[in-house]
Protein chains: 2
Amino acid sequence: MAIQDRKERQLAEREQLFLSAAREQICQDGLLSLQMAKVARACDYATGTLYQHFASKEDLLVAICSELVDKRVEIFNRLVTWDAPTRERIFGIAVGDIIFAHHYPEHFRLAQFVFTEVVWQAASAKRRQQLLETSKPMGDAVQRIIEDAVAAGDLDPHGRPLLEMTLGQWTMTLGMHNLVHAEGVLELYNLRDPYRMLLRQLNALLNGLGWQPQQDPFDEQALEALVQRIQRNVFADLCQDQNGCKNL
Amino acid sequence: MAIQDRKERQLAEREQLFLSAAREQICQDGLLSLQMAKVARACDYATGTLYQHFASKEDLLVAICSELVDKRVEIFNRLVTWDAPTRERIFGIAVGDIIFAHHYPEHFRLAQFVFTEVVWQAASAKRRQQLLETSKPMGDAVQRIIEDAVAAGDLDPHGRPLLEMTLGQWTMTLGMHNLVHAEGVLELYNLRDPYRMLLRQLNALLNGLGWQPQQDPFDEQALEALVQRIQRNVFADLCQDQNGCKNL
DNA sequence: CTCATTTTCTGAACCGGATTCAGAATCATT
DNA sequence: AATGATTCTGAATCCGGTTCAGAAAATGAG
């Protein structure tokens, strides 16, 4: 029945409306001042209507996070299909995450929050399972890169799994993003170029993976060139506007 | 006047009482279910009394965090005065953090939370400054190790600053700790020995610092031996009890 | 020891924000 | 147009942090 379709469409639209209003509020005033009533009001609906879409505030946050994971998966997949030497593709994952962090700052901050015990604990077992499931595609993407590399013969199949690199990279990116957004920290540590520093560290991580034959880490110049190349070839659409990847 | 002294002592004692009750509640039921009234009740005081010590819940959390930073500084300092080759001492910082995470899990989780935007944003500018100041001694400790290393001629004075390693190590440890405490994550990624993995990654980081002459990373065996040695020589007092460093 | 004064403690009251739900409004169908 | 089903509404409820007027305890002078 067509009517049913329309209703579903409207429902989905409104859900998006709520989600983006919530995101906007988070960007604007921070996670702390996100209020259900405000979100509803911003969309010209009553509080109760919002609660028909999301059973709780936590639920809303988790929904935003799911979007986040989807976007991140999309970014991962670009690297998987990118035609380049394996090491560069792997490094690209890290660069992708940084670009992602630039483009969806509220998402990244939220991920930090949601995967932190605070929300994690609040979430029901079922919800947790859901969140974990969502990240499966990301693992698959990484798996595919591993297989390619082993097939190409330039990664030791018995070496330390690439997964370690990925997790390490992820935690470091989250952590760095955290530092960048904590007012005063960069100054205290006199960190002028946090993302560059992150890249250098990732370079060290990458190099420990067990390449065959063993390879030197990228030097500063190679690193710079690589980042440029990745931005141009893989994330061209994201990196054109002025608030894009400038500080990268 | 002696009476004044006694009063101050009692005040300090009660403050400790409140702090440890709060810590216990956090350990028990998580950060989310920490309630001011419960903390007060657990100590047989009324809510208002608790508020004479801490102006707000946030204030209480920050106080717990300050303790945390002190403890961490203490751990750092052990490494600074430990007599061992520079590389081992630096690696020791990482091991120290992991041991610290084992021994004060609630502290570490809290640090994650406090330095996260959520609390950070809520804290007043003055409070933020305070928190940052507290971490100064830690930076000093690291600085001293750098100087020792450069003086001993085994670290390139123009190389990448050790600080980078420290920050990277910190963010990774926080992140890993996070993963370890997020139910289901370890299983999903089939991570059997997360802290070992962390150490391997830190090893890679450490190796990128610019040693003179260039050195190979520790291999698995050397790593294991090193961890044992650090536990025995530097953290003997922390590592004896049964719930100590077992899973390290 | 008693009383006045100061200090400390108490918990009921207040307040903001998440959540609920009884009724109002809208929609679909006959 | 009437009726029943669905959706929307926002006032009411609940919960937990915070406050503050008064109760209780401590102090010190007489």
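No experiment lies behind these values; they were computed from the predicted model shown. Values below: every heavy atom of this structure, side chains too, minus hydrogens, waters and symmetry copies.
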Take the protein atom [atom1] of [X] and the nucleotide atom [atom2] of [N], then report the distance between them rounded to whole Å.
X     : N      : atom1 : atom2 : result
A:H53 : C:dT19 : NE2   : P     : 16 Å
B:D59 : D:dT18 : CG    : P     : 10 Å
B:D29 : D:dG16 : CG    : P     : 12 Å
A:Q35 : D:dC15 : CD    : P     : 20 Å
B:Q10 : C:dT8  : CD    : P     : 10 Å
B:E13 : C:dT8  : CD    : P     : 16 Å

Out of [options], which has the shortest distance to the side chain of [X]?
X     : options                : answer
B:R14 : C:dT19, C:dC9, D:dT7   : C:dC9
A:Q52 : C:dC9, C:dG17, D:dT7   : D:dT7
A:K7  : C:dT20, C:dT10, D:dT6  : D:dT6
B:K57 : C:dT20, C:dA18, D:dG17 : D:dG17
A:R6  : C:dT20, C:dA28, D:dT18 : C:dA28
A:Y51 : C:dG11, C:dA28, C:dT19 : C:dT19
B:S56 : D:dT18, D:dG16, C:dT19 : D:dT18

Residue-level proximity of residues 36-45 of chain B to DNA chain C when a heavy atom falls under 4.0 Å:
B:R41, B:Y45
Distance test, side-chain N/O of A:T47 to OP1/OP2 of D:dG10, below 4.0 Å
no
Contact class for B:L34 (heavy atom, under 4.0 Å): base, sugar-phosphate, or nothing?
sugar-phosphate
From CA spacing to verdict: salt bridge (Lys or Arg N to Asp or Glu O under 4.0 Å), A:D237, A:R78
CA-CA 12 Å; A:D237 56 327; A:R78 291 180 187 209; 2.9 Å; yes
In chain order, what residues pass the side chain to side chain donor-acceptor pair (under 3.5 Å) check against A:R14, with sequence neighbours excluded?
A:H53
With sequence neighbours excluded, tell me which residues meet side chain to side chain donor-acceptor pair (under 3.5 Å) with A:E13.
none
Quick one: list whatever passes ring-ring contact (aromatic ring centres under 6.0 Å, His included) with B:F54, sequence neighbours left out.
none
At 10 degrees resolution, what angle do the end axes of the helix from C:dC1-D:dG30 to C:dT30-D:dA1 form when each is taken over five base pairs?
10°
Might you confirm whether atom CD of B:E74 has over 12 heavy atoms from other residues, nucleotides or ligands at distances under 6.0 Å?
yes
For A:A22 and A:I64, which heavy atoms make the closest approach, and how far apart are they?
CB-CD1, 3.8 Å
Can you tell me if B:S33 uses its side chain to pair, donor with acceptor, with the backbone of B:D29 under 3.5 Å?
yes
Are A:F18 and A:V39 side-chain neighbours, meaning at least one heavy-atom pair lies under 4.5 Å?
yes
Rounded at 0.5 Å granularity, tell me how far CZ in B:F76 sits from OG1 in B:T81.
13.0 Å
Contacts of B:E15 meeting salt bridge (charged side-chain N to carboxylate O under 4.0 Å, His left out) (sequence neighbours excluded), chain-then-number -> none
